Structures are given as C-alpha cells and as structure tokens.
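Start at 1 and go down the list; that is how both ligands and their atoms are numbered. Bear in mind that the values here come from a model prediction, so they are computed numbers and not experimental data.
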Amino acid sequence: METIRFEELEIAEPILKAILEMGFEQASPIQAKAIPAVLTGQDIVGQAQTGTGKTAAFGIPLLQSIDTKSKNLQAVVLCPTRELAIQVAEEIRKLAKFLHGIKVLPIYGGQEISKQIRSLKAGTQVVIGTPGRVMDHMRRKTVKFDHVKMIVLDEADEMLNMGFREDIETILKEMPEERQTVLFSATMPKPIMDIARTYQKDATVIKVVKKELTVPKIEQYYYEVKPKNKEEVLSRLLDMYDPKLSLVFCNTKRQVDELVTALQGRGYFADGLHGDLKQQQRDRVMNGFRNGKTEILVATDVAARGIDVDDVEAVFNYDIPQDDEYYVHRIGRTGRAGRTGRAFTFVVGKEVYKLKDIQRYCKTKIIAQPIPSINDVASTKAEKLLDKINNVIENEDLSKMIDIIEERVNREDYTSLDVAAAFLKLSMGESEQIEQNNPNYEDFGNTGAEAGMVRLFINIGKKQNARPGDILGAIAGETGMPGKLIGSIDMYDKYTFVEVPREYASDVIRVMGEAKIKGKSINIEPANQK
Ligand SMILES: Nc1ncnc2c1ncn2[C@@H]1O[C@H](COP(=O)(O)OP(=O)(O)OP(=O)(O)O)[C@@H](O)[C@H]1O
Ligand SMILES: [Mg+2]
C-alpha cells in the first residue's frame, strides 16, 4: 500500500509538529482517508481494525476546526467508559501540545462535579466525556452546546450496548443543526447505521476494508478446557509465553474477583477491573497496569473497548465472549500500531460452536492448541533462560567466572556440563523439580478449598484389582507420607487420580513407573489425563 505522510494531508503546522514528537512516521490507512474527509466538514462513519489510529483520525481534524480565539465549547467526543475518555483526552492533548490556548477536558462520572464545573467555566473548547456525565452537565447548564461544531461518537455501538441510547439522543438533539457528526469503531453493527441515518446528514462511510476484521499480526489460538482446569491452563500459558503485560477477560465481575485472588495466590502480579469498583480504585488499577506494576489485568468487557496500553502482548478470553464483536475488541487490545500479539481463548464443551460463529464473523482462523504439559512449560522456560545466556556469553567478560568453575570442576568429580545443568535447574525454580517422571499433573494453587494440593493422574492396570484403600496404603507405605495426608483418590473407568500435598508430589512420582509399590505389590504408572 502506498504510504501517506502527514505532511500531505493539509494539517496545520503546530499539529504536525506534535505528531512528529509523538513519533508517528506515516499516516495509517484510516488516517490517510479520514483526516481529509473530516476536514471538509462532512458527516463521517469511520471503520478500521483495532489499534490502527482512529483516535488521531478524528482528533487531528477536530483540533484543526477549533477557533482558539474563542473560549466556547466547540467539540464534544463521547466515549463509553471513563478509562477511554481519559485516554482519548490524553491523546488529543498530546496532539494539541503546540496549539496555544486550547483546553481539552475529560468529564466522567465519579469525579467531583464541582471541579469539572470550574474547569468548564474557565473556558474549555473540547470536552471528552461519558454520555451520562455530559448529560448531567447539560441539565445543570454547566455545558452549553450552542457553539459546538463537531461531535464524535467513539465506539458508538458500545455506548448503545451499555444503554446510553437515550442519553446520546438527548445530547444530539440539544446540539446545533449544522454541526458535524462523526462516528468511529472497529465494528459497525446495524444499530449504529440506524443512528447514522437518524442523526447524520448524508454521511460518508469510510471503511478501511481488510479481508479479516481482526489484526493479522495477532496469533489466535483456542484451548478446549474443563472449567476447573482454566486456572491451571492460564498459569501454564502465562509461564510459557511470559508476556510482558496480559489482559484476561471474564464474563462476570465475580469471576474477575475470584481469578484475581487465585492468580495473586499463585504469585502473579494481577489486579482486577470492573464496574463495581469505586472510581478511584478503577483509576488506581488502570494506572498500575499502564506503568507495568500490574502485569496481568483481569477485566470484564469494560476494558475491551478502545483501551490502548503499550506492551500488552497477550489477551486471554478466560470466558468466551458473549458477542462476536466483543471478540474483535477484546483481542484488539494487543497487536496495536503494527505490533504483534497473541490471543488465547478457552472453550468449554459446546462453546466450540460459538467459536465457529466468531471465526465466521471475523473471517479469521483460530487454531486449536493442546494444553501445554508441565514439561512443555519447563522446556520453554529453559529455552528462554538459555537465550538470555547467549547474550551474556557473547557480550560479557566471563573470565573470572570461568576460573571459579574450572577450579570447582577440577576439585570435584563432575563436568562443566553438570554445573551448567545444575544452574539451569536452580534458576528455573522449585516447581520444576517434579518433572522427571511426569504424569499429567494439576496444581490447585494456594487458595480455595484445595489449596496446596496437587492432583496426579495415575494408571493402575485393571488386572491388579486394587481397591482405593490398597492404593493409598501402598503410596503411603512407599513414600513415608502419613496416610491421612493423602487427600483423596478417585477411580473412574477412564482415569484415576490421587490428590496429595504439593510437598509430597515428587515422592509419589518417584515411586511410579518401574518401581513397584512393595507393601502391597501394586504397580502404579504415570498416566495422561484423557
Ligand atoms: N500514524 C501512526 N503511527 C504510529 N502510531 C500511531 C499512529 N496513529 C496512532 N498511533 C498509535 O497507535 C495506537 C493505537 O491507536 P488508537 O488507540 O487510536 O487505535 P484505534 O484504532 O482507536 O483502536 P480501537 O479500535 O481499539 O479503539 C496508539 O498508541 C496511538 O498513539
Ligand atoms: Mg479507538
């Protein structure tokens, strides 16, 4: 595709300077098409994939339309959530850095209204707000729309989903007839086009059409899981891919809270975001995620729309999204502005059919993946560590270290290979110690009813005719584990497992395989869960 430079788009000098400072090198396709169109003053519907710069596509012409000599309110942007309002205001402020005399104000619920009123009174030309709070100011007559030239509905379809239809319609009716109305989103379901027909005049639709609705640079995978395994699978994927920042979407607030507790219990830096939190808490959580203190943000769909955080390398659909469109917006939190990303979706049972619908809607392929075993996680972790070592070997002076190792190796009866292996094991942490004779294994983490326990899948061979008590007795006898410590054993047709305290897991594994459990002469094999 032809590249368009911002200089070719008739953008005012101070704004160009700001764009340069923001590090944008060329206009994205939606920017190249929408900026000139919005500048002509016509009504526009703009659709382009997530993370392709729609904010600046309306933000640049919006700023250019402001008369800086007047202190009247001249442009309004409506966003579905406070987080998005804050972010859009931030981006527009950056674009306005060299435009003197422009005030850009985010207004949203939860923030002290008197403070907002003071700022509005002092003269604000651009307001970025959530529909509820903007309505509130409209009713109090603390905003006046008489001089508004342009209104932007960012994520209009989501505002409708959230029940803001009436508010939006009331706001639009209050605005001058001859204003410009602009809509932007990555998805354009029918209700949006209805709004467009009712409230826009001969709108021009600008679609940057791509084959698929999702960003091609996002690798998309799915995993068939059992509900009770989701937490473990999530942990394995987090350990294996080690994303800098991750966003995990759940369908309910309760699930968000539960998962945050579970992840924190497992030692992850996780935090939760949903609509039941107090406004200050929401700000605290969002800031923690933006500055990297929180590495895993668990959220409901409040964080699905428009949120732009650098370094979100993975998105997890812990629960499959209820609407096809949500899939697009959720996974679009990664792979932004040309970067790569990964999206992982968990499906339970019949949900695979929902996944089919999603793929059809997005015109994309979501690839099935087996759940990584503990061994897969460990080898990926080892690979990553070794990659880091490469760097050290190539770039650092190791002579002193080599002397120390050499001295040790000469003194003891082992090789430098042994030393390297031992170091690798140490740096991978304790959890990998129970790998060797690894049956499929599930760790319950440190919270919940089964805290501290692990479940080991085993095979007992039908011919042995062993009863549960025999097996528990045999394990206890062989490992020295007090019998009462074995949580439980379950024997089904297809699989059998024992649940034991984590610290005994490696002992139980040790007696499996070749070893016979002597006390009762029962042979226990490691098994794969099926
Ligand atoms: N021309 C550009 N060159 C490089 N980066 C850009 C450019 N335009 C915007 N960006 C950056 O790309 C990121 C994504 O932009 P933005 O949030 O506007 O995407 P969007 O299209 O609105 O996505 P969504 O559909 O998720 O709301 C932002 O960090 C923004 O600063
Ligand atoms: Mg956006």
Salt bridge (charged side-chain N to carboxylate O under 4.0 Å, His left out) partners for D167, two or more places apart: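 Per chain and number, D167 pairs via salt bridge (charged side-chain N to carboxylate O under 4.0 Å, His left out) with no residue.
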Contact summary for A270 and V260, nearest pair of heavy atoms: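 Result for this residue pair: O-CG1, 4.1 Å.
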Residue from D311, D310, D308 passing salt bridge (Lys or Arg N to Asp or Glu O under 4.0 Å) with R339: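 The passing option is D310.
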Protein residues having a heavy atom less than 4.0 Å from any atom of ligand 1: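 Under the 4.0 Å cut-off, ligand 1 touches F6, F24, Q26, S28, Q31, Q49, T50, G51, T52, G53, K54, T55, E91, E155, A186, G306, D308, R333, R336, A337.
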Y361 ring center near Y327 ring center (under 6.0 Å):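 No, the ring of Y361 stays outside the 6.0 Å limit from the ring of Y327, centre to centre.
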N161 versus E158, side-chain donor and acceptor atoms under 3.5 Å: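 Note: E158 and N161 side chains meet the donor-acceptor criterion.
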Option from F346, Y223, F249 for which ring pair (Phe, Tyr, Trp, His ring centres under 6.0 Å) with Y318 holds: F346
